[in-house]
Amino acid sequence: MTSLLSGKKVLIGVTAGIAAYKIASLVRLFVKADAEVKVIMTPQAKEFVTPLTLATLSKNPVYSSFYTSDGSGEWHNHVELGLWADFMVIAPATANTLSKMVSGACDNILLATYLSAKCPVYFAPAMDLDMFKHLATQRNFEMLESYGNRMIPAESGELASGLVGQGRMAEPENIIAFINNDFGQELPLQGKKVLITAGPTYEAIDPVRFIGNHSSGRMGIELAKTAASLGAAVTLVLGPSALSVTHPLITVVNVVSAAQMFEAVEERFASCDIAIASAAVADYRPQMVADQKIKKSDSSFAIQLERTTDILNWMGSVKKQQFLVGFALETENEEANAKKKLQKKNLDLIVLNSLNDKGAGFKGQTNKVSLINHTLAVKAFELKSKAAVAQDIFNEINELIDA
Ligand code: CTP
C-alpha cells in the first residue's frame with residue numbers, strides 16, 4: 001500500500017529540547033514513507049542535534065538562520081519555505097517556542113516560517129513535568145489549537161530531569177501515526193474553495209461620518225471557521241468588524257464599503273466552489289462623498305443616496321459550478337419573502353432569520369434560522385449559538401452537494 005504521506009512536502013521545525021535527538025529518526029521515517037523533507041532549526045537546537053545529521057538524512061540543506069553566514073549573501077526565504085510545505089511539524093516544541101508562536105514573536109527563521117505558513121501546522125510539545133502542567137503552557141496549547149494548529153499529545157514517562165510524568169515528546173513512530181491518521185480522514189470539504197462575505201459595510205458621507213449597520217460579522221466568521229474545520233480553503237471578505245479570526249485555512253480580505261466588498265468578490269468568485277453571502281451590505285450609499293467634514297447649519301440636511309451593487313444578485317447571475325447561499329433577514333411574510341429572494345437571486349440555499357424571533361439576527365451570539373433549498377423545502381432550526389448554526393448550514397450544503 002502506498003503511504004498517505006507519499007509525495008508530501010514536510011517541513012520539520014526543530015527547537016532546543018533534549019528530544020531533538022529523536023528528530024533524526026523522525027526524518028528517516030518520513031523519508032521512508034516517501035515524503036520530501038526539509039528541516040529548519042532554531043539556533044539553539046543545533047546544540048542538541050547537528051544540522052549535518054539532519055541534512056544528510058533529509059537530503060536537503062538545513063536552515064537555522066535567515067541568511068548564510070559565510071558572506072555569500074544567500075538569504076533563506078521563510079515565506080517560500082512556508083509555501084513549499086504541505087504541512088509543518090514543530091518537534092520538539094519547547095515551552096519557549098510555543099509561547100512565541102502564541103504571541104506571534106518572530107526572532108528566528110523557524111518562527112518566521114511558522115507565522116507565514118499557510119499549510120496545516122502540527123506541534124509536538126516536549127518539556128519537563130512542571131513546565132508542562134503550568135497554566136501558562138496549558139493556555140498556550142489551547143491558544144495554538146484555536147489558531148487551527150494540531151497538537152500531537154506529549155507522552156508520559158521518565159523525563160530528562162528524572163521526574164516521571166507527562167511532557168515527553170511523542171515517539172517519532174507515534175508522530176507519524178498521528179499525522180497519517182489525520183491524512184486518512186477524508187474531510188468533506190477538502191480541496192474545495194469557499195468564499196464568504198461577512199460583517200457590515202460603511203458608506204462614507206464625509207471623512208469622518210458614514211452610514212453603517214449593527215452587523216457584528218460573527219455569523220460569517222463562524223461559517224469560515226466551520227468550513228476550514230471541514231478542510232476547505234476559505235476566503236473571508238470581511239467588512240469593518242471588531243472580531244477577527246486566525247486560521248491557516250482562512251484568508252481574510254478586509255474591506256470597508258459595499259463597492260470594495262463587490263470588487264473583492266468579483267475577483268474571487270469564478271474560482272470558488274461554494275459562496276456564502278452573510279454580509280449586511282448597505283443597499284444605498286451617498287451619491288457624493290464630501291472631501292471635507294460637513295459643517296452643520298441651522299436648516300435641515302438631506303443626503304442623496306444611490307444604490308450599491310447587489311453582490312449576491314451578481315453572483316447568482318454569473319454562477320456556473322458554484323453552490324450559492326444567501327441570507328434573508330425578514331420581519332413579515334418571512335418564508336414567502338425568503339423563497340422569492342432565493343428564486344430571484346438564483347440561489348441554491350437561503351438562510352432565513354426573522355427579526356421576530358428573540359435571539360435571532362445579526363447583533364448577538366445566537367441565531368435562529370430556517371434553511372430553504374432550491375426545491376423550496378423548509379427546515380426550521382432551534383435557537384443556537386452561531387457556531388452551531390454554521391454547522392447546520394454546512395451539513396445542509398454538504399447534503400445538497402452530494403445529492
Ligand atoms: N446582499 C449582497 N449585496 C447587497 C445587498 C445584499 O450581497 N448589496 C446579500 C446579503 O449578504 C444577503 C442577501 O443579499 O445574503 C440579503 O438580500 P437582500 O435582498 O438585501 O435582503 P434584505 O437585506 O433582507 O433586504 P430587502 O428585503 O430590503 O431586499
Side-chain angles (χ1 to χ4, degrees), residues 194-204 210-224 227 234-241 243 253-270 272 274-287 305-319 322-357 360-363 367-374 386 389-390 392-394 396-397:
V194 176
L195 178 66
I196 298 172
T197 68
T201 63
Y202 288 177
E203 309 303 326
F210 59 83
I211 298 173
N213 61 66
H214 288 301
S215 166
S216 64
R218 189 181 301 278
M219 192 63 242
I221 288 177
E222 291 303 339
L223 283 165
V234 184
T235 303
L236 177 67
V237 181
L238 182 61
S241 164
L243 305 174
V253 180
N254 289 108
V255 295
V256 176
S257 65
Q260 287 170 355
M261 188 172 275
F262 179 47
E263 204 177 300
V265 168
E266 213 180 5
E267 228 172 80
R268 294 164 178 86
F269 183 66
C272 82
I274 298 169
I276 308 178
S278 69
V281 189
D283 290 321
Y284 295 93
R285 66 170 158 245
Q287 210 167 41
L305 300 176
E306 65 182 10
R307 280 298 305 268
T308 57
T309 305
D310 187 324
I311 304 168
L312 180 60
N313 198 54
W314 175 82
M315 289 194 273
S317 68
V318 298
K319 85 168 183 180
Q322 295 89 348
F323 188 95
L324 188 57
V325 184
F327 273 68
L329 185 66
E330 303 290 342
T331 51
E332 55 181 352
N333 300 326
E334 287 101 342
E335 268 186 37
N337 281 339
K339 284 177 182 170
K340 259 193 238 153
K341 215 162 271 181
L342 172 114
Q343 287 171 322
K344 185 166 155 250
K345 297 196 184 188
N346 192 22
L347 310 180
D348 299 288
L349 184 70
I350 193 156
V351 182
L352 162 66
N353 34 120
S354 158
L355 269 189
N356 297 328
D357 287 320
F362 60 18
K363 234 176 149 179
N367 209 355
K368 184 171 184 307
V369 302
S370 295
L371 302 183
I372 307 175
N373 70 25
H374 67 286
K386 286 187 173 170
V389 172
D392 288 337
I393 293 173
F394 272 102
E396 185 69 10
I397 293 174

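Order of appearance sets the numbers: ligands from 1, and atoms from 1 within every ligand. These values consider heavy atoms only, across backbone and side chains, with no hydrogens, waters or symmetry-generated copies.
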List, for ligand 1, each N/O atom that has a protein N/O partner under 3.5 Å away, with both atom names and the distance.
| unit_1 | atom_1 | unit_2 | atom_2 | d |
| --- | --- | --- | --- | --- |
| ligand 1 | 3 (N) | Ile311 | N | 2.9 |
| ligand 1 | 7 (O) | Leu312 | N | 2.9 |
| ligand 1 | 8 (N) | Thr309 | O | 2.9 |
| ligand 1 | 11 (O) | Ala277 | O | 3.3 |
| ligand 1 | 11 (O) | Ala279 | O | 2.6 |
| ligand 1 | 14 (O) | Lys345 | NZ | 3.2 |
| ligand 1 | 15 (O) | Ala277 | O | 2.6 |
| ligand 1 | 15 (O) | Phe327 | N | 2.8 |
| ligand 1 | 15 (O) | Phe327 | O | 3.3 |
| ligand 1 | 17 (O) | Lys345 | NZ | 3.0 |
| ligand 1 | 19 (O) | Lys345 | NZ | 2.9 |
| ligand 1 | 21 (O) | Lys341 | NZ | 2.7 |
| ligand 1 | 24 (O) | Leu329 | O | 3.3 |
| ligand 1 | 24 (O) | Lys341 | NZ | 3.0 |
| ligand 1 | 27 (O) | Lys341 | NZ | 3.0 |

ask   = Under a 4.5 Å cut-off applied to non-hydrogen side-chain atoms, are Asn346 and Leu324 in contact?
value = no

Those residues that, when tested against Glu266, pass side-chain contact (heavy atoms from CB on, under 4.5 Å) (two or more places apart) = Phe262, Trp314

query = Quick one: side-chain contact (heavy atoms from CB on, under 4.5 Å) partners of Asn254, sequence neighbours excluded?
reply = Leu238, Val252

ask   = Of all residues at least two apart in sequence or in a different chain, which pass the side-chain contact (heavy atoms from CB on, under 4.5 Å) check with Gln287?
value = Gln304, Glu306

message = Between Thr235 and Glu267, does the side chain to side chain contact (heavy atoms under 4.5 Å, CB included) criterion hold? Intermediate values first, please.
response = CA-CA 11 Å; Thr235 303; Glu267 228 172 80; over 6 Å; no

ask   = With Leu236, which of Ile221, Ile276, Val194, Leu195 fulfils side chain to side chain contact (heavy atoms under 4.5 Å, CB included)?
value = Ile221

